[in-house]
**Q** 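I'd like to ask you about the structure that follows.
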Number of protein chains: 2
Amino acid sequence: MTKAPVVDPRRTLTLRDVSEASGVSEMTVSRVLRNRGDVSDSTREKVLHAARSLGYVPNKIAGALASQRVNLVAVIIPSMSNMVFPEVMMGISDTLEDTGLQPVVGITNYSPEREESVLYEMLSWRPSGVIIAGLEHSPAAHAMLESAGIPIVEIMDIDGTPVDSAVGISHRRAGRQMAEAIIAAGYRRIGFLGTKMPDDHRARKRLDGFREGLARAGLTLADEEYYRGGSALLKGREMTEAILKRTPDLDFLYYSNDMIGAGGLLYCLAQGIDVPGTLGLAGFNGVELLDGLPRKLATMDACRREIGIHAAEIIAGKRPTGVIGGEVIELFPKLQPGDTIRKV
Amino acid sequence: MTKAPVVDPRRTLTLRDVSEASGVSEMTVSRVLRNRGDVSDSTREKVLHAARSLGYVPNKIAGALASQRVNLVAVIIPSMSNMVFPEVMMGISDTLEDTGLQPVVGITNYSPEREESVLYEMLSWRPSGVIIAGLEHSPAAHAMLESAGIPIVEIMDIDGTPVDSAVGISHRRAGRQMAEAIIAAGYRRIGFLGTKMPDDHRARKRLDGFREGLARAGLTLADEEYYRGGSALLKGREMTEAILKRTPDLDFLYYSNDMIGAGGLLYCLAQGIDVPGTLGLAGFNGVELLDGLPRKLATMDACRREIGIHAAEIIAGKRPTGVIGGEVIELFPKLQPGDTIRKV
DNA sequence: CTGAAAGCGCTAACAC
DNA sequence: GTGTTAGCGCTTTCAG
């Protein structure tokens with residue numbers, strides 16, 4: 001017959017349990033477990049042995065309350081499903097890895113209301129910093145960010161005024177550059193295919209910039225096609241078919257993201273359309289997926305990983321700037337012409 | 001000249017600040033903010049007004065410590081990059097949405113050591129439950145799960161013994177079923193293409209089951225090809241080329257996931273190979289991406305969303321079972337023959 | 001309906 | 001090196 005454990009197995013263990021089991025004061029146990037201060041090797045051994053054999057897991061809630069320190073970084077992004085944010089996340093977690101900080105992710109689904117509530121929820125855990133996508137927030141969200149008293153990094157976009165720091169690219173300029181490249185390659189009848197998402201400000205800014213680039217050459221969009229939801233690759237096929245049926249004389253299709261662009265490319269190839277001769281194509285993002293396509297779609301790299309890295313560095317205080325806030329890091333996406341824009 | 005704010009703007013607000021600003025006791029403020037107990041409308045108004053105008057955000061750390069209640073659910077998964085887990089996540093968050101519970105995600109990169117440390121880290125925040133991918137864990141992780149004293153749901157796989165509850169499919173059987181379907185369609189020279197990941201136990205079990213299915217018909221794998229890292233779509237192309245060069249008489253390729261399968265399909269189509277006549281193809285997962293391909297890859301739906309939903313229901317206590325633990329929910333993936341297996 | 005007192009489990013700050 | 005004391009900001013419990 002085995003003896004019943006000394007502590008109720010349902011109750012989670014506390015420092016006191018470890019303290020009693022090891023005959024060392026709670027304070028010293030705490031020191032050992034956090035590798036703080038000087039503790040003799042013999043005491044350390046006793047404590048570690050007791051903690052391990054009991055299966056003690058420290059209570060960070062209590063620790064955080066007492067120390068006013070939380071090793072969490074709130075990361076608030078619109079979506080996880082489109083390949084772009086997972087890469088930002090990689091950059092963030094790799095950078096945070098050896099700082100003791102931990103990213104905690106919240107998803108907004110491009111909804112300002114969700115963003116507001118996710119932000120509120122995360123701030124209530126008093127994180128060490130916030131990394132949040134975009135510069136556009138509801139007034140309440142903006143107020144929360146301003147008064148949070150912790151480093152805030154708004155990522156992806158720098159066309160606007162950040163609350164604190166910002167890391168990203170100019171989507172407006174990216175759109176303009178793509179327009180210029182397309183025009184330089186001799187295309188004139190240009191169509192746009194994108195998402196119908198009023199709250200995707202970055203896609204909107206790219207389109208604005210694109211239109212601006214066209215306008216400078218005296219051009220306007222010859223046709224437009226929008227979608228929402230569903231498999232992006234499939235939507236790309238369908239939209240491409242639709243826009244080409246409606247406006248057969250288009251000589252270029254600019255897609256708001258690579259996934260629908262890839263769908264369009266597959267459609268065009270299947271139709272035997274001469275790409276990039278008769279019809280040029282371009283997307284946006286530089287997603288890895290494109291590498292596996294039969295032909296390389298023209299695109300612009302959105303510097304996703306770099307954005308994550310820089311944002312995390314700001315939060316971790318790794319960047320040289322002594323002062324809190326105010327840092328804006330602009331990254332410059334490279335145009336990757338691929339095989340779907342005519343060489344000039 | 002504006003008057004300085006009463007409280008130090010750097011310090012975060014506390015209940016006391018709201019209490020003083022509204023002339024209501026901390027306790028009643030707390031009641032109002034949590035919608036607990038009866039509070040008169042007039043008091044409620046005063047409190048809400050004060051809280052809002054100050055921009056008070058409650059401190060959940062203190063709240064959790066005092067109430068011994070945390071509205072967090074730890075979700076521990078191997079990866080976010082392959083489309084399968086994001087869908088599980090959707091199922092989880094949709095289900096948790098109206099329960100007041102919040103998922104917090106940890107990524108292990110298929111590393112048992114990472115899993116152990118992520119689990120430790122998450123348990124130290126005393127979540128209300130744990131949803132964790134797979135049934136295989138290090139001894140230490142297993143011990144932590146067993147003694148956590150909260151509901152644990154192991155997801156994706158049911159070929160094994162769960163610590164507490166489990167929701168998933170039998171990957172072994174899924175592999176066997178695919179083998180049977182392939183054999184029934186008349187294919188005999190079968191190759192396998194997959195990832196070289198010793199810690200992807202589900203992929204291994206599928207392959208085991210697949211081999212078993214072949215063995216029952218007196219067959220063995222005619223060739224195998226493995227990869228790790230990189231763009232799955234591209235790897236699919238490359239591996240397919242490699243295996244067909246090496247063993248040209250293969251009449252079927254079984255891929256361990258849809259993404260490399262899609263790459264293989266694109267390769268075969270580009271080569272003008274007769275699919276499914278000369279060569280049949282199949283993947284695994286049922287990813288949405290496949291809808292956009294020129295031809296539909298045969299696959300099996302892994303019930304990702306359903307798994308997330310059921311797991312979350314168990315944690316939220318929404319399932320009928322009164323007793324804690326012990327529930328195992330098996331889901332049954334449907335074989336989707338698509339256009340890449342000969343009709344019999 | 002409202003308030004006062006007593007902790008939740010840990011750590012900062014200080015003694016020894 | 002190690003122990004003691006006093007909270008962290010909230011909620012539980014119990015009085016009014």
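All chains are named by letter (A, B, ...) in the order of the sequence lines, taking the proteins before the strands, and each is independently numbered beginning at 1.
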**Q** Base contacts versus sugar-phosphate-only contacts with protein, heavy atoms under 4.0 Å: please encode nucleotides 9-16 of chain C as B, S and - from 5' to 3'.
**A** BBBBBB--
**Q** Sort out for me which residue in B/I158, B/V153, B/V328 forms a side chain to side chain contact (heavy atoms under 4.5 Å, CB included) with B/V167.
**A**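 One option only clears the test, and that one is B/V153.
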**Q** Scan residues 41-49 of chain A against DNA chain D and write down, sorted by residue number, each residue with any heavy atom closer than 4.0 Å; if none is found, say none.
**A**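 Correct list: A/T43.
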**Q** Hey, are B/R305 and B/E87 close enough for a salt bridge, meaning a charged N less than 4.0 Å from a carboxylate O?
**A**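 Looking at B/R305 and B/E87, the cut-off is not met.
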**Q** Under 4.0 Å between a side-chain N or O of B/T28 and OP1 or OP2 of C/dC1?
**A** no
**Q** Measure the CD1-CZ distance between A/I92 and A/R304 for me, rounded to the nearest 0.5 Å.
**A**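 Taking CD1 in A/I92 and CZ in A/R304, the distance rounds to 13.0 Å.
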**Q** Determine, step by step, whether A/D157 and A/E136 satisfy the side chain to side chain contact (heavy atoms under 4.5 Å, CB included) criterion, reporting the C-alpha distance in whole Å, the side-chain angles of both residues, the deciding distance to 0.1 Å, and the verdict.
**A** CA-CA 10 Å; A/D157 187 10; A/E136 286 76 19; 4.3 Å; yes
**Q** If the plane angle is over 60° it's perpendicular, under 30° parallel, otherwise tilted; pick one for B/W125 and A/W125.
**A**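 Correct class here is perpendicular.
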**Q** Roughly how many Å is it from CG in A/L33 to P in D/dT2, rounded to a whole number?
**A** 15 Å
**Q** Of A/E154, A/E116, A/H142, which meets side-chain hydrogen bond (donor to acceptor under 3.5 Å, both in side chains) against A/H137?
**A** A/E154
**Q** If I compare all heavy atoms of B/I76 with all of B/E115, which pair ends up nearest, and what's the gap?
**A**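 Closest heavy-atom pair between B/I76 and B/E115: CG2-CG, 4.5 Å.
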**Q** In a check of side chain to side chain contact (heavy atoms under 4.5 Å, CB included) between B/V84 and each of B/R202, B/M156, B/M89, which one passes?
**A** B/M156
